[in-house]
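Computed from a prediction, not measured in an experiment: that's the story for all the values here.
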Amino acid sequence: NALTFSGPSKGYNEQHVTQATLSGELFTLAADRPAGLALGAEYRKYEGQDVPDPFTVFGYTSGSIGSIVGGTIDVWDGFGELAIPIVSGVDFFDDLEVDVAGRVFKYNLFDADTTYKIGAKWRPIRDITLRGTVGTAYRAPTINELYSGVALSADPANDPCDDYTRIQANPKLTQAQKTAFINRCAQFTGLAPGTGGAQNGPITQIYATTGGNPNLKPEKADTYTAGVVYTPRQMKNLSVTVDFYDIEINNPIQRDGAQFVVNSCVIGNVKSACDRITWTGGDVSNVNDYLANQGKETRQGIDLGFRWLIPSTVGKFGINVDGSYLIKHDIQKSPTTGGEILHAKGTYDLVNSNIVGGVNPSFKANIGLAYFLGAFNATVMARYIGSFKECAGSIDGNSGGTDCTFAGDLYHTVPAVTTYNLAAGYSFGTMYGKTTMAAGIENLFDRAPPVIYSNITQWSDWNYDFLGRRYYFRLAQTF
């Protein structure tokens, strides 16, 4: 019991919303339906507080330090949307509609601002629909992002200066680069180039001091979409969709990640990054990595959809395909780390617009085949995740962290993976209601996840199936 304690902690999150809306029909142009207008006003109040136990606040535990967090955000906004069907039922204009929406708002912590969206849908013939939108978006920092206290994060990362011999062994560095990096390491660690460095063994985690930032600015985004829907009359129950998207977020709120800060210092020679690092005994012992506004995040891609239900004399057959092709996913980092651009497409550099650890293949898809006969149904589902590369964390080739941005990128290719699921079900009615039986096999061929070193598991990533082949049976009764 000397190693345990009981400490009270408390916290709450509340959201209060008051809203008024008004909607109705306005006028009719050359279309088969009238224009519609919706208006509204809203007041929102967010409150939150987190009070860890005193032992955690003062750092007397073996876990991370926690701080008392609390704050309030008030928002006043007004919004409106106008849908205008312009024309329908004529040559080359089977249907044409424009939609305009806008919002004006004021946060108590930030200046008043606005967002808008303009969308259009044109169906020149009944088989083809063209659609697109142009708009803006706004996200204010949350209470946690603004006011959360100091905490420690054990980031997947490695110290490039721990062992100079691994830098010398990197085949992707020139001798001039090796000499420059080792000399820079010696400057920070205090260990001369000839000593080989601290050599405390591969370090796969680095502590980062994290927390909120009351100086954060709101995120603002520009969004663009364009797509086509094909529903041929000659082939009933067939639908094909192709949609392009382009999203640019300015001032995204993110951490840099310990690995990126260390690499910006040692490899990029960015002084402001070096000032955020503490070295102890020849190794990186801590990185200051509070939330900050980065430069810009850009995502571009194409989403594909295919749906076809085929009737026959022996039942119905269905085909469903959802695919996504990633054209670009870049983040321009803040000037404090040199303003480098991280290219996430085809790498493991980014996760959810944050620090390292994201499965970002060029292509991924879900494909399903289904069969229906009366109350019986059966499906085969395939989930495909394309290949990408995982880079070593830094110039020494160690596997902790990942960073494909700087010189000396050693990497391995994470292979494409496809897993299959089978399922079947049958429903029937009784005097007690409807009974449904279902059974299935998940991960039919017992496909193991690929090796990904930089995930916190140091084995693979949560996007893959860890459990292997498994079976299930389900019985449901509706009364």
Locate the shortest heavy-atom distance separating K106 from A112; write the atom from each residue and the value.
-> CD-N, 3.5 Å
Test item: Q294 side-chain N/O and S334 main-chain N/O as donor-acceptor pair under 3.5 Å = yes
C161 side chain reached by W279 side chain, heavy atoms, under 4.5 Å = yes
Would a 4.5 Å heavy-atom cut-off, applied to side chains only, mark I327 and F244 as touching?
-> yes
Within-4.5 Å side-chain heavy-atom neighbours: L326 and F388 | no
Determine, for D322 against R307, whether the closest basic-nitrogen to carboxylate-oxygen distance falls under 4.0 angstrom.
-> yes
Please report the C-alpha distance between Y348 and Y411 in whole Å, then the side-chain angles of each, then the deciding distance to 0.1 Å, and finally whether the ring pair (Phe, Tyr, Trp, His ring centres under 6.0 Å) criterion is met.
-> CA-CA 10 Å; Y348 197 69; Y411 69 91; over 10 Å; no
Salt bridge between D77 and R44, side-chain N to carboxylate O under 4.0 Å?
-> yes
Counting distance only, does the side-chain N/O of R383 pair as donor-acceptor with the main-chain N or O of M381 below 3.5 Å?
-> no
Sub-3.5 Å donor-acceptor pair from the side chain of N443 to the main-chain atoms of R447, do we have one?
-> yes
Hey, mind stepping through C185 and V266 against side-chain contact (heavy atoms from CB on, under 4.5 Å) and telling me if it holds?
-> CA-CA 7 Å; C185 285; V266 177; 3.8 Å; yes
Pairwise side-chain contact, I73 with Y107, heavy-atom cut-off 4.5 Å (strictly under) = yes
Heavy-atom donor-acceptor pair, T347 side chain to A344 backbone, under 3.5 Å = yes
Could you tell me which non-hydrogen atom of P141 sits nearest to which non-hydrogen atom of I253, and how far apart they are?
-> CG-CD1, 3.8 Å
Take atom OH of Y472 as the centre, draw a 6.0 Å sphere, and report whether it contains more than 12 heavy atoms from other residues, nucleotides or ligands.
-> yes
Presence of salt bridge, K333 and E340, under 4.0 angstrom | no
Do S387 and T413 have side-chain N/O donor and acceptor atoms under 3.5 Å apart?
-> no
Taking every non-hydrogen atom, the tightest pair across A83 and D99 | CB-OD1, 3.5 Å
Would you kindly say whether T278 and S285 are connected by a side-chain donor-acceptor distance under 3.5 Å?
-> no
With rounding to the nearest 0.5 Å, note down the distance linking OH in Y164 to CZ in R166.
-> 12.0 Å
Test item: D159 side-chain N/O and V284 main-chain N/O as donor-acceptor pair under 3.5 Å | yes
State, yes or no, whether a side-chain contact exists between L37 and E81 at a heavy-atom distance under 4.5 Å.
-> no
Could you please spell out the steps behind the side-chain contact (heavy atoms from CB on, under 4.5 Å) verdict for L109 and L146?
-> CA-CA 10 Å; L109 302 176; L146 289 167; 3.6 Å; yes
Between atom CG of D461 and atom CD1 of I452, what is the distance when rounded to the nearest 0.5 Å?
-> 5.0 Å
Indicate the ring-plane relationship of F445 and Y420, choosing parallel, tilted or perpendicular according to the 30° and 60° boundaries.
-> perpendicular
Donor-acceptor contact present, side-chain N213 to main-chain A292, <3.5 Å = no
Is R299 salt-bridged to D330, cutoff N-O under 4.0 Å?
-> no
Spatial distance of atom OH (Y46) from atom CD (E14) [nearest 0.5 Å] | 13.5 Å
For the pair R131 and D243, find out whether any cationic side-chain nitrogen is under 4.0 Å from an anionic carboxylate oxygen.
-> yes
Atom OG1 in T21, atom CZ in F79: separation rounded to 0.5 Å?
-> 6.5 Å
Answer whether the closest heavy-atom distance between the side chains of T72 and E47 falls below 4.5 Å.
-> yes
Shortest non-hydrogen contact between Y245 and I302, atoms and distance = CE2-N, 3.9 Å
T209 and N286 side chains, donor-acceptor separation under 3.5 Å | yes
Is there a donor-acceptor contact under 3.5 Å linking the side chains of H329 and E297?
-> yes
Any side-chain heavy atom of N250 within less than 4.5 Å of one from D222?
-> yes
When rounded to the nearest 0.5 angstrom, what distance separates CG in N366 from CD1 in I385?
-> 8.5 Å
Considering all heavy atoms of both residues, which atom of A273 and which atom of C265 are nearest to each other, and what is their separation?
-> CB-N, 4.0 Å
Does the ring center of Y138 lie less than 6.0 Å from the ring center of F110?
-> no
side-chain contact (heavy atoms from CB on, under 4.5 Å) assessment of I267 paired with F181 = CA-CA 7 Å; I267 305 174; F181 294 152; 3.7 Å; yes
Using the side chain to side chain donor-acceptor pair (under 3.5 Å) rule, collect all pairs that involve residues 111-120, keeping only residues at least two apart or in two chains.
-> D113-K220
Quick one: does P160's side chain get under 4.5 Å of V262's, heavy atoms only?
-> yes
Residues in side chain to side chain donor-acceptor pair (under 3.5 Å) with D74, at least two apart?
-> Y43
When you look at T133 and Y224, which way does the side-chain contact (heavy atoms from CB on, under 4.5 Å) test go after all the steps?
-> CA-CA 6 Å; T133 63; Y224 310 88; over 6 Å; no
Are the side chain of R469 and the backbone of L444 linked by a donor-acceptor contact shorter than 3.5 Å?
-> yes
Salt-bridge criterion met for E219 and K296 (N-O under 4.0 Å) = no
Would you name the heavy atoms of V417 and P450 that are closest together and state the gap between them?
-> CG2-CD, 3.8 Å
Check the side chains of S153 and D155 for a donor-acceptor pair under 3.5 angstrom, ignoring hydrogens and angles.
-> yes
Short side-chain to backbone donor-acceptor contact, D289 and D256, under 3.5 Å | yes
Residue pair D246, K328: steps toward the salt bridge (Lys or Arg N to Asp or Glu O under 4.0 Å) verdict = CA-CA 9 Å; D246 183 345; K328 177 193 290 188; over 6 Å; no
Regarding Q477 and T435, is there a side-chain donor-to-acceptor distance under 3.5 Å anywhere?
-> yes
Roughly how far, to the nearest 0.5 Å, is the CG atom of N251 from the CZ atom of R139?
-> 11.5 Å
